[in-house]
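Remember, it's a predicted structure, so these values are computed and weren't measured experimentally. A note on names: the letters A, B, ... follow the listed sequences, proteins ahead of strands, and every chain is numbered from 1.
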Amino acid sequence: MTNPQSSAAELPTQYTPAEVEAPLYERWVERGYFKADEKSGKEPYTVVIPPPNVTGSLHLGHAFEHTLIDALTRRKRMQGYETLWQPGMDHAGIATQNVVERELAKEGKSRHDLGREAFIERVWQWKAESGGKISGQMRRLGDGVDWDRERFTMDQGCSDAVQTIFKRLYDDELIYRAERIINWCPRCLTAISDIEVEYQEDDGELVSIRYGDGDASIVVATTRAETMLGDTAVAVHPDDERYAHLVGTEIELPLTGRRIPIVADEHVDPEFGSGAVKVTPAHDPNDFEIGRRHNLENLNVLDEHGVITAHGPFLGQDRFEARSAIVAALRAEGRIVAEKRPYVHSVGHCSRCKTTVEPRLSMQWWVKVGPLAKAAGDAVRDGRVKVHPKEMESRYFGWIDNLNDWCISRQLWWGHRIPVWHGPNGEIVCVGPDEEPPSGDGWTQDTDVLDTWFSSGLWPFSTMGWPEETDSLAKFYPNSVLVTGYDILFFWVARMMMFGLYAMDGQEPFHTIALHGMVRDQFGKKMSKSFGNAVDPLDWMDKYGSDAVRFTLARGANPGVDVPIGEDWVQGSRNFANKVWNATRFALMNGATVEGPLPPVEQLSSTDRWILSRLNAVVAEVDAYYEDYQFAKLSDALFHFAWDEVFDWYVELSKTTFAEGGPAADASRRVLGEVLDVMLRLLHPVVPFVTESLWTTLTGGESVVIADWPTDSGFRDAAAEAEIAKLQQVITEVRRFRSDQGLQPGQRVPARIDFGDTGLDAHDAAARQLLRLQPEGAGFSETASLPVSGAKISLDLSGAIDFAAERKRLTKDLAAAEKEKKQSEAKLGNEAFLAKAPDNVVEKIRTRLSTADADIARIQTQLDSLPKA
RNA sequence: GGGCGCGUAGCUCAGCGGUAGAGCGCUGCCCUUACAAGGCAGAUGUCGGCGGUUCGAAACCGUCCGCGCCCACCA
């Protein structure tokens, strides 16, 4: 136990987070507080980090997410759970490759200049730097992760997991290879999945083109005129009488000299446009299906860069260049019968580089999603996995129940290479992690890598050693909760659900999915580098402390709702931390202690009983909010309890007690110590640093990180709470009077206090202290009288009263009270109300009425006591 | 085209059947011996519009207006 007096003296009057925070964190790590022991007998609590991409550094969104996870895990650790917060990072295939390619471009090189191996080596170098930066940020933020378990989606273990599940899925025929239309990014030169495509409204031109001539002509419309070079049919609806005579015939495709058939297909909407559709099976997913149904040729006219490969005048032109050239050529031939420009329509863009996506026919690897998605949907339907907030469930189902097969191959270099070997005669062998790949002439490994979400989908168990049956896996799987943003519900969460259930014999990866919103700026605008409102969390942490950033983020965290944050608010949180700091300083200077048991209730003043009653109520409240992931609510509850109740009232009231000394003061010292001890522990998960330095000083304990989480003792004292509420009312009323009178806050005024039958007599000294009222003394002359809640405070202001101001104020208050009375009476006079309203409501109105009556009487008395103007 | 959500104090948001709340901002007085990163006191809203249900609606229902997000193969 440290000596409180000297500890307090050592605390400066201002909290300086920058000096305090970093050393504390390193001490926690050194002492191994965050290590999770898979052999422990304690109940497990597991959260895996949503692995940040190694593409750069953490932004406020990460800081937000980490704050929530850190708070959850710190509380559980304090509650005695064997707690694992699993750290790690994601290789982020396409994103990282793009970043490194940009770096290379600055040197005037492309990845092809380096070659595959050297390029990958280069990415690893980059990962080392970037990864170091990220873990530095996590330390600064205070993330209580088990660093010994840090994983990377490309490390050996995770790679083995990838290979294992690939092989298993392949053997179960849930992975297959097929030529289909995929979304192709002509800049990244890879296939991308449906959800990596961002649609946005673009200006385009819708041209209607006449194919064929005379009676045998037909008009089709398109926004991608260049694809006509690859048309292999025109389709109409089978029941469309306008074109019935043409079905089965051929028509001339302009500019090419080719003749293409007219086919009938249900897919065509006869109401739309001309009711005829050009069919380009190699460049449009719908057309591909039509082509399949009618055995049409898939004529590829664009290469991987989006350049025309069809022979003719357009050969070698970029797709957009060719588009206008072809329209011009058609116009010259008089085949453009209508043009709509601008024609706003939805166009897909690569989510990584914003290039317009090109649907492209190509051979890719696919996961057959049906059975996996069924299981993933059922797990939520059955209630084995809960989605929080519940409103997000419908989004989840909407997606998982309508899922197309997942294209998992990417034509990239950075990622898990597909564990398939192709033989000289077209043989295909899928190789497991402990198997030798086939060797010999002509055998080569598939050049594609896997979608980055393939490995992150394994994260809840690959990080724990799967496919080995490790102790960690047995202990920490399923994860307790997954905390992540709603934006990656589909990208990541759905994949983890599918893979987790599949790989772990139907065991769901986590019990709860807790979705949070996106961090926005203080005006609710999305944060982005291009908009210039993005903030580096380190800046604010250096300026105001990690605690301040964390507290601000937690206070904004309403489930599933976006979180605005502004620098002013962080400042406010810093002020709060400083306030806690100073209140604890005060307590230490006055000998607050945690030594020994709390004095028996009979020996406690009503003030002490009141604050203990409130303290326990807050413990219960905070617990309930934690269980419901209501971070904003629990932070707010703590903020107000600490500041409004403990600091502004309890501490102020206790000053008098301490000044008077005696057994009452000793009891209060113990109670104050208790209140701060519990409060600091309650605050710790959200603001770990300031609470650590204060709690250890206050209690002499080793660390609040490993302290017990407070429990509600069940102690409540309604009478004490009512008594203090009344006292607060009296004091506020007199303060208001003083303020209205223009009395300076520090100015001492002689007063007589008559508490009547309020039962507040014990608070006479405290009231005088808070109100700066002197004993009445000799020659006391009452010039103002304030009846409040049955008490009467008489002041001797020696003619200094501003009666006009007071009369004005009282008149206003009187009108308000009378209005209240009238309304309450009206309600109580309403028979329908009396008949139907519940008793407690009626009772409430009655109370309101009697309060109004009392107020009216009080104000009237005050008015009467004022001298006539 | 479907689905979800939102419009409450100057700003950002809680409240979701019993007569309006928070943070920040704002006004006034004060360096009252823990804290001026503070204290005390105070002002501020026809709870998007219109109908309906109800004894009672910011809250429930309908509708309209404005905004956002997600999904979808609109030639």
side-chain hydrogen bond (donor to acceptor under 3.5 Å, both in side chains), that's the test. Do A:N578 and A:Y544 meet it? Break it down for me. CA-CA 10 Å; A:N578 189 239; A:Y544 305 109; over 6 Å; no

Salt bridge (charged side-chain N to carboxylate O under 4.0 Å, His left out) assessment of A:E733 paired with A:R736: CA-CA 5 Å; A:E733 187 64 30; A:R736 192 164 81 152; 3.7 Å; yes

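B:G17 and B:A34 have their C1' atoms separated by 45 Å, with the value rounded to a whole Å. When the P atom is used for both B:U63 and B:C73, the distance is 29 Å, rounded to whole Å. Atom C1' of B:C55 sits at a distance of 14 Å from the matching atom of B:U19, rounded to the whole Å. To the nearest whole angstrom, the two P atoms, one in B:G45 and one in B:A9, are 10 Å apart. For the P atoms, the distance linking B:G56 with B:G38 amounts to 47 Å, nearest Å. Distance check on atom P: B:G21 versus B:A37 gives 30 Å, rounded to whole Å. Look at the C1' atom in both B:G10 and B:A36: the space between them is 25 Å, to the nearest Å. B:A72 sits 32 Å from B:C16 when the C1' atoms are compared, rounded to a whole Å.
A close approach under 4.0 Å does occur between a side-chain nitrogen or oxygen of A:T732 and OP1 or OP2 of B:A41. For the OP1/OP2 pair of B:U19 and a distance below 4.0 Å, the side-chain nitrogens and oxygens of A:R848 include at least one atom meeting the criterion. One finds no side-chain N or O of A:R395 lying less than 4.0 angstrom from the OP1 or OP2 phosphate oxygen of B:C71. Look at A:K819 and you won't find any side-chain N or O under 4.0 angstrom from OP1 or OP2 of B:U19. Contact annotation: A:Q571 side-chain N/O to B:A37 OP1/OP2 distance is not under 4.0 Å. In terms of phosphate contacts, A:W649 brings no side-chain nitrogen or oxygen within less than 4.0 Å of OP1 or OP2 of B:G39. A close approach under 4.0 Å does not occur between any side-chain nitrogen or oxygen of A:H640 and OP1 or OP2 of B:G21. The phosphate of B:A34 has OP1 or OP2 within less than 4.0 Å of a side-chain N or O from A:K655. Residue A:N575 places at least one side-chain N or O under 4.0 Å from the OP1 or OP2 atom of B:G38. Distances shorter than 4.0 Å separate none of the side-chain N or O atoms of A:Y486 from OP1 or OP2 on B:G5. Distances shown here put every side-chain N or O of A:K633 at or beyond 4.0 Å from the OP1 or OP2 atom of B:A22.
Figure legend: cation-pi geometry between A:K579 and A:F639 absent, as NZ or CZ is not positioned both under 6.0 Å from the six-membered ring centre and within 45° of its axis. Cation-pi geometry between A:R735 and A:W649 is met: under 6.0 angstrom from the ring centre, within 45 degrees of the axis.
Taking only side-chain atoms of A:M589, from C-beta outward, the nucleotide of B:C74, B:A34, B:A37 with the closest atom is B:A34. For A:F490, counting side-chain heavy atoms from C-beta on, the closest listed nucleotide (B:G42, B:C73, B:C70) is B:C70. Closest to the side chain of A:H267, from the set B:G39, B:A75, B:A41, is B:A75. Checking B:C73, B:U54, B:A22 against every side-chain atom of A:D636, the shortest atom distance belongs to B:A22. Residue A:S824 places its side chain closer to B:U19 than to any other of B:G39, B:U19, B:C74. Comparing B:A75, B:C35, B:G18 by their nearest atom to the side chain of A:R585 picks out B:C35.
Checking B:C40 for Watson-Crick or G-U wobble geometry (two distances, each under 3.5 Å) identifies B:G28 as its partner. Partner assigned to B:C60 is B:G52, using Watson-Crick or G-U wobble distances below 3.5 angstrom. Across all strands shown, the partner of B:C69 is B:G3, judged by Watson-Crick or G-U wobble contacts whose two distances both fall under 3.5 Å. Across all strands shown, B:U12 pairs with B:A22; the Watson-Crick or G-U wobble distances both stay below 3.5 Å.
Residue A:A221 is in sugar-phosphate contact alone, with no base atom involved, counting any heavy-atom pair closer than 4.0 Å across all strands shown. If you check every strand for non-hydrogen atoms under 4.0 Å, A:Y343 touches sugar and phosphate atoms only. Residue A:F639 is classed as a sugar-phosphate contact, given heavy-atom separations below 4.0 Å to backbone atoms only. Across all strands, A:E391 comes closer than 4.0 Å to no nucleic acid atom at all (heavy-atom distances). Here A:V268 lies in heavy-atom contact (under 4.0 Å) with a base. Within the 4.0 angstrom heavy-atom criterion, only backbone atoms of the sugar-phosphate kind lie near A:Q744; the bases stay farther away. In this structure, A:K827 reaches the bases: a heavy-atom distance under 4.0 Å links it to at least one base atom across the strands shown. Across all strands, A:P838 comes closer than 4.0 Å to base atoms (heavy-atom distances). Using a 4.0 Å heavy-atom criterion, one finds that A:P285 contacts no nucleic acid atom at all. Contact annotation for A:N558: backbone-only contact, meaning every heavy-atom pair under 4.0 Å involves sugar-phosphate atoms and none involves a base.
What separates CD of A:Q14 from C1' of B:C35 is a distance of 8 Å, to the nearest Å. B:C73 atom P lies 16 Å from atom CZ of A:F288, rounded to whole Å. A straight line from CZ of A:F631 to P of B:C13 spans 19 Å, rounded to a whole angstrom. Summarising the geometry, the separation between CG on A:D648 and P on B:A34 is reported as 14 Å, rounded to the nearest angstrom. Atom CG in A:L676 sits roughly 14 Å away from atom C1' in B:C35 (whole-Å rounding). Atom CG in A:L489 sits about 10 Å away from atom C1' in B:C70, given to the nearest Å. Atom C1' of nucleotide B:G38 and atom CD of A:E652 are separated by 11 Å, given to the nearest angstrom. In this structure, the CG atom of A:L694 is 13 Å from the C1' atom of B:C35, given to the nearest Å.
Remark: the A:R574 side chain and the B:A37 base include a donor-acceptor N/O pair separated by less than 3.5 Å. Side-chain atoms of A:D568 stay outside donor-acceptor range of the base of B:C24, with no qualifying N/O pair under 3.5 Å. Within 3.5 Å, a donor on the side chain of A:Q823 pairs with an acceptor on the base of B:U19, or the reverse.
A:S546 and A:E21 share a donor-acceptor pair across their side chains, judged by distance under 3.5 Å alone. Side-chain contact annotation: A:D677 with A:W695, donor-acceptor N/O pair under 3.5 Å present.
Using a distance-only test at 3.5 Å, with no hydrogens or angles considered, no donor-acceptor pair links the side chain of A:H349 to the main chain of A:E198. Under a 3.5 Å cut-off, the side chain of A:R768 and the backbone N or O of A:A751 do form a donor-acceptor pair.
Projected onto RNA chain B by closest heavy-atom contact, A:R224 and A:W643 fall at different nucleotides, the more 5' of which corresponds to A:W643. For the pair A:L834 and A:R772, both in contact range of RNA chain B, the more 5′-proximal nearest nucleotide belongs to A:R772.
Open room surrounds CD on A:E831; 12 or fewer heavy atoms of other groups in view lie less than 6.0 Å from it. Counting heavy-atom neighbours within 6.0 Å of A:D839 CG, excluding the residue itself, gives a total of 12 or less.
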